[in-house]
Amino acid sequence: MLTGDIPPSQTIYIKNLNEKVKKEELKRSLYCLFSQYGRILDVVALKTRKLRGQAWVCFSEVMAASNAVRQMQGFPFYEKPMRIQYAKTKSDCLVEAEGNWDPNAKKKKKQEEKAERKRRAEEAQQSATANGTTTESGRGPASFRQGNRGEQETAPPNNILFIQNLPYETSSMMLQVLFQQYPGFREVRMIEAKPGIAFVEYEDDVQSSMAMQALQGFKITPQNPMVITYAKK
DNA sequence: AGCACA
(Lines give C-alpha, C1' and ligand atoms only; values in the text may rest on other atoms or scores of the structure.)
Protein backbone atom coordinates (compact mmCIF):
# COMPACT_ATOMS: atom_id res chain seq x y z
CA MET A 1 0.00 0.00 0.00
CA LEU A 2 1.16 3.47 -0.77
CA THR A 3 0.50 4.75 2.69
CA GLY A 4 2.41 1.87 4.21
CA ASP A 5 -0.59 0.62 6.18
CA ILE A 6 -0.47 3.51 8.57
CA PRO A 7 -3.91 4.67 9.68
CA PRO A 8 -5.05 8.15 8.62
CA SER A 9 -4.12 10.98 10.89
CA GLN A 10 -3.88 14.75 10.88
CA THR A 11 -0.17 14.65 10.25
CA ILE A 12 1.53 13.61 7.06
CA TYR A 13 5.06 12.30 6.84
CA ILE A 14 6.99 13.31 3.73
CA LYS A 15 10.20 11.72 2.58
CA ASN A 16 12.48 11.86 -0.44
CA LEU A 17 12.82 15.60 0.00
CA ASN A 18 15.79 17.38 -1.50
CA GLU A 19 18.35 17.46 1.29
CA LYS A 20 20.19 20.42 -0.16
CA VAL A 21 17.34 22.79 0.58
CA LYS A 22 17.82 24.83 3.72
CA LYS A 23 15.54 23.97 6.59
CA GLU A 24 13.74 27.28 6.85
CA GLU A 25 13.12 27.50 3.14
CA LEU A 26 11.91 23.91 3.08
CA LYS A 27 9.43 24.58 5.85
CA ARG A 28 8.14 27.73 4.20
CA SER A 29 7.72 26.01 0.86
CA LEU A 30 5.96 23.03 2.39
CA TYR A 31 3.68 25.39 4.20
CA CYS A 32 2.83 27.22 0.96
CA LEU A 33 2.34 24.05 -0.97
CA PHE A 34 0.13 22.26 1.55
CA SER A 35 -1.95 25.11 2.92
CA GLN A 36 -4.29 24.60 -0.03
CA TYR A 37 -5.61 21.46 1.72
CA GLY A 38 -6.52 23.08 4.99
CA ARG A 39 -5.20 24.84 8.04
CA ILE A 40 -1.68 23.84 8.92
CA LEU A 41 -0.86 23.71 12.61
CA ASP A 42 2.82 22.90 12.34
CA VAL A 43 5.59 21.96 9.95
CA VAL A 44 8.53 20.05 11.38
CA ALA A 45 11.79 19.42 9.58
CA LEU A 46 15.15 18.53 11.06
CA LYS A 47 18.46 18.25 9.31
CA THR A 48 20.06 15.69 11.60
CA ARG A 49 21.67 12.70 9.96
CA LYS A 50 18.71 10.50 10.64
CA LEU A 51 16.00 13.01 9.86
CA ARG A 52 17.08 15.05 6.88
CA GLY A 53 15.09 14.65 3.70
CA GLN A 54 11.92 14.21 5.72
CA ALA A 55 9.25 16.45 7.15
CA TRP A 56 5.95 16.42 8.97
CA VAL A 57 3.02 18.63 8.15
CA CYS A 58 0.27 18.70 10.73
CA PHE A 59 -3.23 19.75 9.67
CA SER A 60 -6.21 20.74 11.77
CA GLU A 61 -8.34 18.10 10.01
CA VAL A 62 -7.72 14.49 9.01
CA MET A 63 -9.52 15.10 5.70
CA ALA A 64 -6.99 17.75 4.77
CA ALA A 65 -4.18 15.30 5.42
CA SER A 66 -5.93 12.58 3.41
CA ASN A 67 -6.33 14.82 0.41
CA ALA A 68 -2.73 15.90 0.67
CA VAL A 69 -1.49 12.31 0.83
CA ARG A 70 -3.46 11.36 -2.26
CA GLN A 71 -3.13 14.43 -4.41
CA MET A 72 0.43 15.45 -3.73
CA GLN A 73 1.81 11.92 -3.98
CA GLY A 74 4.85 12.08 -6.26
CA PHE A 75 4.64 15.85 -6.74
CA PRO A 76 7.99 17.08 -8.07
CA PHE A 77 9.33 19.28 -5.33
CA TYR A 78 12.80 20.72 -5.71
CA GLU A 79 13.32 18.19 -8.45
CA LYS A 80 12.39 15.15 -6.39
CA PRO A 81 9.05 13.37 -6.23
CA MET A 82 7.58 13.58 -2.76
CA ARG A 83 6.70 10.32 -0.99
CA ILE A 84 3.87 10.96 1.39
CA GLN A 85 2.40 8.83 4.15
CA TYR A 86 0.49 9.42 7.33
CA ALA A 87 2.69 10.01 10.34
CA LYS A 88 3.14 7.05 12.68
CA THR A 89 2.69 9.01 15.86
CA LYS A 90 0.75 12.03 16.95
CA SER A 91 2.34 15.44 16.66
CA ASP A 92 3.17 17.26 19.86
CA CYS A 93 1.18 20.27 18.74
CA LEU A 94 -1.94 18.09 18.78
CA VAL A 95 -1.27 16.37 22.05
CA GLU A 96 -0.77 19.74 23.58
CA ALA A 97 -3.97 21.12 22.10
CA GLU A 98 -5.97 18.24 23.55
CA GLY A 99 -4.42 18.64 26.95
CA ASN A 100 -3.33 15.02 26.94
CA TRP A 101 0.07 15.06 28.48
CA ASP A 102 -0.01 11.40 29.46
CA PRO A 103 1.62 11.00 32.88
CA ASN A 104 3.64 7.92 31.97
CA ALA A 105 5.59 9.33 29.06
CA LYS A 106 8.72 7.76 30.44
CA LYS A 107 9.81 6.01 27.26
CA LYS A 108 9.65 9.22 25.38
CA LYS A 109 11.66 11.05 27.97
CA LYS A 110 14.31 8.38 27.79
CA GLN A 111 14.51 8.73 24.03
CA GLU A 112 14.79 12.44 24.35
CA GLU A 113 17.63 12.14 26.79
CA LYS A 114 19.40 9.71 24.51
CA ALA A 115 19.01 12.04 21.56
CA GLU A 116 20.19 14.94 23.64
CA ARG A 117 23.30 13.04 24.71
CA LYS A 118 23.98 11.97 21.16
CA ARG A 119 23.65 15.51 19.95
CA ARG A 120 26.10 16.76 22.54
CA ALA A 121 28.57 14.10 21.57
CA GLU A 122 28.26 15.14 17.94
CA GLU A 123 28.71 18.78 18.83
CA ALA A 124 31.82 17.97 20.81
CA GLN A 125 33.17 16.04 17.85
CA GLN A 126 32.48 18.90 15.51
CA SER A 127 34.14 21.54 17.62
CA ALA A 128 37.08 19.22 18.08
CA THR A 129 37.62 18.85 14.37
CA ALA A 130 36.84 22.56 14.03
CA ASN A 131 35.60 22.66 10.46
CA GLY A 132 33.80 25.85 9.55
CA THR A 133 30.84 24.45 7.67
CA THR A 134 28.46 27.08 8.97
CA THR A 135 27.38 28.50 5.64
CA GLU A 136 25.19 26.60 3.25
CA SER A 137 25.34 27.98 -0.26
CA GLY A 138 23.04 30.97 0.13
CA ARG A 139 20.88 31.20 -2.96
CA GLY A 140 17.78 33.16 -3.85
CA PRO A 141 14.44 32.77 -2.08
CA ALA A 142 11.78 30.15 -2.50
CA SER A 143 11.67 28.59 -5.87
CA PHE A 144 10.92 24.90 -6.05
CA ARG A 145 13.66 24.45 -8.59
CA GLN A 146 17.09 24.23 -7.15
CA GLY A 147 19.73 25.33 -9.62
CA ASN A 148 22.16 22.47 -9.98
CA ARG A 149 25.77 22.62 -11.01
CA GLY A 150 26.60 24.67 -14.03
CA GLU A 151 23.16 24.74 -15.59
CA GLN A 152 21.36 28.02 -15.11
CA GLU A 153 17.89 26.60 -14.60
CA THR A 154 16.84 29.00 -11.88
CA ALA A 155 16.25 32.61 -12.76
CA PRO A 156 17.18 35.10 -10.06
CA PRO A 157 14.32 36.88 -8.30
CA ASN A 158 12.72 39.52 -10.46
CA ASN A 159 9.38 41.24 -10.91
CA ILE A 160 7.94 38.73 -13.39
CA LEU A 161 6.60 35.34 -12.36
CA PHE A 162 6.46 32.33 -14.62
CA ILE A 163 3.46 30.12 -13.92
CA GLN A 164 3.38 26.48 -15.04
CA ASN A 165 1.11 23.46 -14.77
CA LEU A 166 -2.10 25.41 -15.35
CA PRO A 167 -5.15 23.59 -16.71
CA TYR A 168 -5.52 24.26 -20.42
CA GLU A 169 -8.80 26.09 -19.98
CA THR A 170 -7.28 28.71 -17.70
CA SER A 171 -8.07 32.25 -18.81
CA SER A 172 -6.00 35.30 -18.05
CA MET A 173 -9.05 36.69 -16.27
CA MET A 174 -9.00 33.79 -13.81
CA LEU A 175 -5.34 34.39 -13.12
CA GLN A 176 -5.87 38.10 -12.74
CA VAL A 177 -8.47 37.51 -10.04
CA LEU A 178 -5.93 35.41 -8.15
CA PHE A 179 -2.84 37.51 -8.60
CA GLN A 180 -4.30 40.99 -8.29
CA GLN A 181 -4.97 40.29 -4.62
CA TYR A 182 -1.32 40.99 -3.99
CA PRO A 183 0.14 44.49 -4.01
CA GLY A 184 2.10 45.72 -7.00
CA PHE A 185 0.16 43.63 -9.52
CA ARG A 186 0.52 44.88 -13.09
CA GLU A 187 -0.69 42.31 -15.58
CA VAL A 188 -1.12 38.71 -16.67
CA ARG A 189 0.23 37.60 -20.02
CA MET A 190 -0.65 34.35 -21.71
CA ILE A 191 0.45 32.98 -25.04
CA GLU A 192 -2.26 31.47 -27.27
CA ALA A 193 0.13 28.97 -28.74
CA LYS A 194 1.33 27.79 -25.34
CA PRO A 195 -1.44 26.67 -23.03
CA GLY A 196 -0.64 25.80 -19.44
CA ILE A 197 1.73 28.64 -18.76
CA ALA A 198 1.50 32.35 -18.02
CA PHE A 199 3.56 35.33 -16.98
CA VAL A 200 2.47 37.63 -14.20
CA GLU A 201 4.16 40.95 -13.76
CA TYR A 202 4.51 43.00 -10.56
CA GLU A 203 6.07 46.37 -9.93
CA ASP A 204 9.09 44.92 -8.21
CA ASP A 205 10.66 41.66 -7.15
CA VAL A 206 9.64 41.95 -3.50
CA GLN A 207 6.00 42.13 -4.48
CA SER A 208 6.31 39.33 -7.01
CA SER A 209 7.96 37.20 -4.32
CA MET A 210 5.10 37.79 -1.91
CA ALA A 211 2.60 36.64 -4.51
CA MET A 212 4.77 33.63 -5.31
CA GLN A 213 4.88 32.62 -1.65
CA ALA A 214 1.14 33.04 -1.32
CA LEU A 215 0.07 31.19 -4.46
CA GLN A 216 2.74 28.54 -4.83
CA GLY A 217 1.02 25.20 -5.38
CA PHE A 218 -2.44 26.76 -5.61
CA LYS A 219 -4.80 24.45 -7.45
CA ILE A 220 -7.26 25.71 -10.04
CA THR A 221 -8.23 22.07 -10.42
CA PRO A 222 -7.12 19.25 -8.10
CA GLN A 223 -4.73 17.97 -10.75
CA ASN A 224 -3.04 21.30 -11.32
CA PRO A 225 -0.95 22.68 -8.50
CA MET A 226 0.62 25.85 -9.85
CA VAL A 227 4.35 25.86 -10.13
CA ILE A 228 5.64 29.39 -9.83
CA THR A 229 9.17 30.46 -10.55
CA TYR A 230 10.76 33.73 -11.56
CA ALA A 231 10.68 34.36 -15.28
CA LYS A 232 13.93 34.19 -17.17
CA LYS A 233 14.67 37.61 -18.54
C1' DA B 1 16.20 4.62 3.52
C1' DG B 2 15.40 7.24 7.22
C1' DC B 3 8.82 8.69 11.88
C1' DA B 4 9.96 14.13 15.22
C1' DC B 5 8.59 17.98 17.80
C1' DA B 6 16.31 22.44 17.62
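Below, each value reflects all heavy atoms present in this structure, side chains not excepted, and no hydrogens, waters or symmetry copies.
- The number of heavy-atom neighbours closer than 6.0 Å to NZ of A:K233, taken from other residues, nucleotides and ligands shown, is above 12.
- A donor N or O paired with an acceptor N or O is not found under 3.5 Å between the base of B:dA6 and the side-chain atoms of A:E24.
- When each of A:Q54 and A:C93 is assigned the nucleotide of DNA chain B with its nearest heavy atom, A:Q54 is the one assigned upstream, toward the 5' end.
- The distance between atom NZ of A:K47 and atom C1' of B:dA4, rounded to the nearest whole Å, is 16 Å.
- Look at A:E61 and A:R39 and you find no salt bridge, because none of the NZ, NE, NH1 or NH2 atoms lies under 4.0 Å from a carboxylate O.
- The 5' end of DNA chain B is approached more closely, in terms of each residue's nearest nucleotide, by A:A87 than by the other of A:A87 and A:K27.
- Looking at the side chain of A:W56, the nearest of the listed nucleotides B:dC3, B:dG2, B:dA6 is B:dC3.
- We find the CD-CG distance between A:E169 and A:N224 to be 7.5 Å, quoted to the nearest 0.5 Å.
- Look at CG on A:D42: it is 10 Å from C1' on B:dA4, rounded to the nearest Å.
- Looking at the side chain of A:Q85, the nearest of the listed nucleotides B:dA6, B:dA1, B:dC3 is B:dC3.
- Comparing B:dG2, B:dC3, B:dC5 by their closest approach to the side chain of A:N16 singles out B:dG2.
- Between the SG atom in A:C58 and the CD1 atom in A:I12 there is a gap of 10.0 Å [rounded to 0.5 Å].
- The distance from atom CD1 of A:I12 to atom C1' of B:dA4 is 14 Å, rounded to the nearest whole Å.
- At a threshold of 4.0 angstrom between heavy atoms, the contacts of A:L46 include nucleobase atoms, whether or not backbone atoms are also involved.
- Not a single donor-acceptor pair, N or O on each side, falls under 3.5 Å between the base of B:dA6 and the side chain of A:T48.
- Following rounding to the nearest Å, A:K90 (NZ) and B:dA4 (C1') show an atom-to-atom distance of 15 Å.
- Nucleotide B:dC5 holds its P atom 8 Å from the CG atom of A:D92, rounded to whole Å.
- When distances are taken from the side chain of A:E19 to each of B:dG2, B:dA4, B:dC3, the shortest belongs to B:dG2.
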- request: Check the pair A:L46, A:R52 against side chain to side chain contact (heavy atoms under 4.5 Å, CB included), reporting the backbone distance first and the verdict last.
  value: CA-CA 6 Å; A:L46 295 307; A:R52 61 190 159 203; over 6 Å; no

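- Distance A:I14 CD1 to B:dA4 C1': 13 Å, rounded to the nearest Å.
- When rounded to the nearest whole Å, the span between CG of A:L51 and P of B:dA1 equals 16 Å.
- Between A:L26 atom CG and B:dA4 atom P there is a gap of 17 Å when expressed in whole angstrom units.
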